[in-house]
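These values consider heavy atoms only, across backbone and side chains, with no hydrogens, waters or symmetry-generated copies. Just so we're on the same page: letters track the sequence lines, and every chain starts at 1. Since this is a predicted model, take the numbers as computed values, not measurements.
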2 protein chains.
Amino acid sequence: MDQDNLIAIPFVFEQPCPIRDVLDRIGDQWSLLILQVLEHGTMRFSAINRAIGDISKQMLSKTLKSLEEDGFIRRTLYPEVPPRVEYELTDLGRSFLVPMKELIAWADEHHRAICEARASYLANAK
Amino acid sequence: MDQDNLIAIPFVFEQPCPIRDVLDRIGDQWSLLILQVLEHGTMRFSAINRAIGDISKQMLSKTLKSLEEDGFIRRTLYPEVPPRVEYELTDLGRSFLVPMKELIAWADEHHRAICEARASYLANAK
DNA sequence: CTGCATCCTTCTCGATACTG
DNA sequence: CAGTATCGAGAAGGATGCAG
């Protein structure tokens, strides 16, 4: 009996897939890092830049825009000279960090196991 | 207090940040999808292929290899003719899906809010 | 100070064809 | 059936320079 053909995946094919939509956002290089930095409170563009350290202005700008577009952060422009722009988490952004922190905790807890699995895989590959 | 860990970003040159390490794996196009598919039970290569539908053999092969390397899934080759290969979740893979499901639930719950934020952002941009 | 435009390099991923 | 090899298009991301 070939059960293989009968497999059905419940929701992964619906359009648009919510989890893919979210993963595409925070799965990139910088989004999660920025959200974590902003958890400390409102910060200016260059403060975020310094906090992360090795992000380029371009990527920071682009990522902040994405996060703002998705409602994770709020951007406030103070029309001074020179201009001042502040970023802060929205309620949506903060609520996102709740399940995200569980994933981070899992990663911390199991990182060693993953590394060991990699090492053992490499050893067996020889 | 783990708050210090969140802002300490200059670990880029140290051993891989656990959460980045995990996100790099499941943040790709297919890994999470495959893990979810395998949650239904042990499956053969072509069964996974059919279940996902629009994945190429190459990417499926590559992603399965990555997941196996990281210890999320187990690969069993039955030396028959024609060959049969079965994939299944390991305990590590199953335990990963626990926090992941919370994130998925969050995504389902807030997807509408994100879409609305995007729409409103677009409207304001005009 | 903030942030966009341009250029350029690297990586990703799909299509196709081939092996055991 | 279960992969691997090769190619090419396109996206991601860094560096630099300019604008408001």
task: Decide whether B/Ser31 and B/Asp28 meet the rule of one side-chain donor and one side-chain acceptor closer than 3.5 Å.
output: yes
message: In whole Å, I'd like the distance from the CD1 atom of A/Ile55 to the C1' atom of D/dA15.
response: 14 Å
field: Short side-chain N/O contact to C/dT2 OP1/OP2 from A/Arg75, under 4.0 Å
entry: no
Rounded distance in Å - CG (B/Leu64) to C1' (D/dT4): 14 Å
- request: Using whole Å, report how far CE of A/Met43 lies from C1' of C/dC1.
  value: 15 Å
- request: Taking only Lys NZ, Arg NE, NH1 and NH2, and the carboxylate oxygens of Asp or Glu, determine whether A/Glu88 and A/Arg74 approach each other closer than 4.0 Å.
  value: yes
- prompt: Atom OH of B/Tyr78 to atom P of D/dG3: distance rounded to whole Å?
  reply: 13 Å
field: d(NZ, B/Lys57; P, C/dA15) in whole Å
entry: 12 Å
message: What is the separation between atom CD1 on B/Ile48 and atom P on D/dC1, rounded to the nearest whole Å?
response: 14 Å
- prompt: Given C/dT12, is OP1 or OP2 found less than 4.0 Å from the side-chain N or O atoms of B/Trp30?
  reply: no
- prompt: Using 4.0 Å as the upper bound for N to carboxylate O, is an ion pair formed by A/Lys101 and B/Glu102?
  reply: no
- request: Rounded to the nearest angstrom, tell me the gap between atom CE in A/Met59 and atom C1' in C/dC11.
  value: 14 Å
Nearest listed nucleotide, side chain of B/Gln29, among C/dC13, C/dC1, D/dC18: C/dC13
task: Give a yes or no answer on whether the side chain of B/His110 reaches the backbone of B/Trp106 with a donor-acceptor pair at less than 3.5 Å.
output: yes
- prompt: Whole-Å distance between C/dG3 C1' and A/Glu86 CD?
  reply: 17 Å
task: May I ask you to evaluate whether B/Tyr87 reaches the phosphate of D/dC1, defined as a side-chain N or O under 4.0 Å from OP1 or OP2?
output: no
- prompt: For B/Ser61 and D/dT4, is the shortest distance between a side-chain N/O and OP1 or OP2 below 4.0 Å?
  reply: yes
field: Short N-O contact, B/Arg118 and B/Glu116, less than 4.0 angstrom
entry: no
message: Should the side chain of A/Gln58 and the base of C/dT6 be counted as holding a donor-acceptor pair, with the cut-off at 3.5 Å?
response: yes
- request: Would you mind telling me which of C/dC4, D/dG13, C/dG3 lies closest to the side-chain atoms of A/Lys65?
  value: C/dC4
message: Can you see if the side chain of A/Arg44 gets near the phosphate of C/dT2 - specifically, an N or O under 4.0 Å from OP1 or OP2?
response: yes
